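Reckoned from all heavy atoms, side chains included, excluding hydrogens, waters and symmetry mates. Letters go in sequence order (proteins before strands), and every chain restarts at 1. Remember, it's a predicted structure, so these values are computed and weren't measured experimentally.
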Amino acid sequence: MLDITLSVLILIGALFTFIGSLGLARMPDFYTRLHGPTKATTLGVGSLLIASMIHFSSQGEGISFHEVLVTLFLFITAPVSAHLLSKAALHLRVKSLAAPPHEVEEADSGEGQ
Amino acid sequence: MKRWLLPHPILTPTLALIWVLLVNSLSPGAIILGLLLGWAIPLFTLRFWPAEVRVRKPLTLLRFVVVLLYDIVVANVAVAWLILRGPKHTTPAFVVVPLSLTTDIGISILANTISLTPGTVSSWLSPDRRRLIVQGLDVKDPDALVETIKRRYEAPLLEVFEPC
Amino acid sequence: MLSTALAIAFGLVTAALALTLWRLLRGPDEPDRILALDTLYVNSIALLVLLGIHLSSELYFEAAILIAMMGFVGTVALCKYLLRGDIIE
């Protein structure tokens, strides 16, 4: 029973990690590529960490919960780096399928020069 | 006097929790050392904390976190499906979300929430902090997206963090 | 059962790393490469966690935590560099 739960969690995690990177590789422009890694990998690594938590807790040396720390850290940092990357791309005017709003360019040309 | 005793009421338990997680043990020694660190670190870094955070309705915050976790799972499945179907089926767009939140913590939590949930990434905050530009992976109806963000995520945050 | 799942998972994560590496080499813009680096470190955390389960060793966690922290700081520093042309102002 434990084995099955662990295997399912590991497979789900690895699958989401893979899909995240697949999105990075096959999406057409930067802004659509951004979505794959930031979303799919948080759940992917998250469920791998839950699997590892269950695995080490079942080893008999008391429960193991420091995986929560990595999960928390990833969930806090992933949106921050996504926001910064997106902001940097808007600043550099990276080619985009959807037109970015005008006010970004106006504010951007005023700031930082 | 009170500031000296308990410099940062939210940071102290958070740091203690992180310490306990880091050493991976629930022994009394670890908890006491964690609380000690949680008391000492805010004391020495007090000057770096610009404003005290005040959580007004903890229950609303808790419900918000539960809704958020549910949405993250749904978002992941939705985005994974979009990626597997291929780029031809997506309609990316930028939408502008007018903000009602004014506090730093409120705005940053909202921006992080948007980045974690269904196919949206917060991209840019206008210098006057009134509008947040959000990039969506598959936006069929921009107005509905703005409406969802405001109702589902901004309304509870307004209750929790805004003084009224 | 578990070893089969682990073998499949290793394959999937390695394929993910290869795809990320491809994007890192191909670009075409700087943000794309930084995003690829960001994904690369998250994927390597996944690989380390899998190795930890496979070898039943907790040691890999220390490495995973360190990579999580350093990777985030690296991404932020690189984005800051793109935004301002300078890291420390």
> Should A:Lys87 and C:Leu83 count as side-chain neighbours, where that means a heavy-atom distance under 4.5 Å?
yes
> I need the A:His83 NE2 to C:Cys79 SG distance, nearest 0.5 Å.
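Those atoms lie 10.0 Å apart.
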> With a 4.5 Å cut-off on side-chain heavy atoms, are A:Leu11 and C:Ile8 touching?
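The answer is yes; the side chains approach within 4.5 Å.
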> Please say which of A:Val70, A:Ile10, A:Leu48 ends up in a side-chain contact (heavy atoms from CB on, under 4.5 Å) with C:Val49.
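Single pass found, and it is A:Leu48.
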> Is there a side-chain contact between A:Leu24 and C:Trp22, using heavy atoms and a 4.5 Å cut-off?
no
> How would you list, by chain and number, every residue that makes a side-chain hydrogen bond (donor to acceptor under 3.5 Å, both in side chains) with C:Asp32, sequence neighbours excluded?
A:Arg33
> Mind checking side chain to side chain contact (heavy atoms under 4.5 Å, CB included) for C:Val73 and listing every partner two or more places apart, or none if nothing turns up?
none
> Using non-hydrogen atoms and a 4.5 Å limit, figure out which bit of C:Leu50 sits close to chain A: side chain, backbone, both or neither.
side chain
> Heavy-atom distance under 4.5 Å to chain A: side chain of C:Ile45, backbone, both or neither?
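Side chain of C:Ile45 only, per the 4.5 Å heavy-atom cut-off to chain A.
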> What residue in A:Leu74, A:Leu49, A:Leu69 has the most heavy-atom pairs under 4.5 Å with chain C?
A:Leu49
> C:Val42 versus A:Pro37: any side-chain heavy-atom pair under 4.5 Å?
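SC-SC contact between C:Val42 and A:Pro37 ruled out.
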> Report the C-alpha separation of C:Lys80 and A:Leu84 in whole Å, then their side-chain angles, then the decisive distance to 0.1 Å, and conclude whether the side chain to side chain contact (heavy atoms under 4.5 Å, CB included) test is met.
CA-CA 8 Å; C:Lys80 195 90 180 137; A:Leu84 271 171; 5.8 Å; no
> Can you find a side-chain donor-acceptor pair between A:Thr17 and C:Asn43 that sits under 3.5 Å?
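Result is no, nothing qualifies.
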> Does some side-chain heavy atom of C:Leu19 sit less than 4.5 Å from a side-chain heavy atom of A:Phe18?
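When only atoms from C-beta onward are counted, C:Leu19 and A:Phe18 do touch, with a gap below 4.5 Å.
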> Considering only heavy atoms and a distance below 4.5 Å, find which of C:Ser56, C:Gly71, C:Gly11, C:Ser3 pairs most often with chain A.
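Of the candidates given, the most pairs with chain A belong to C:Ser56.
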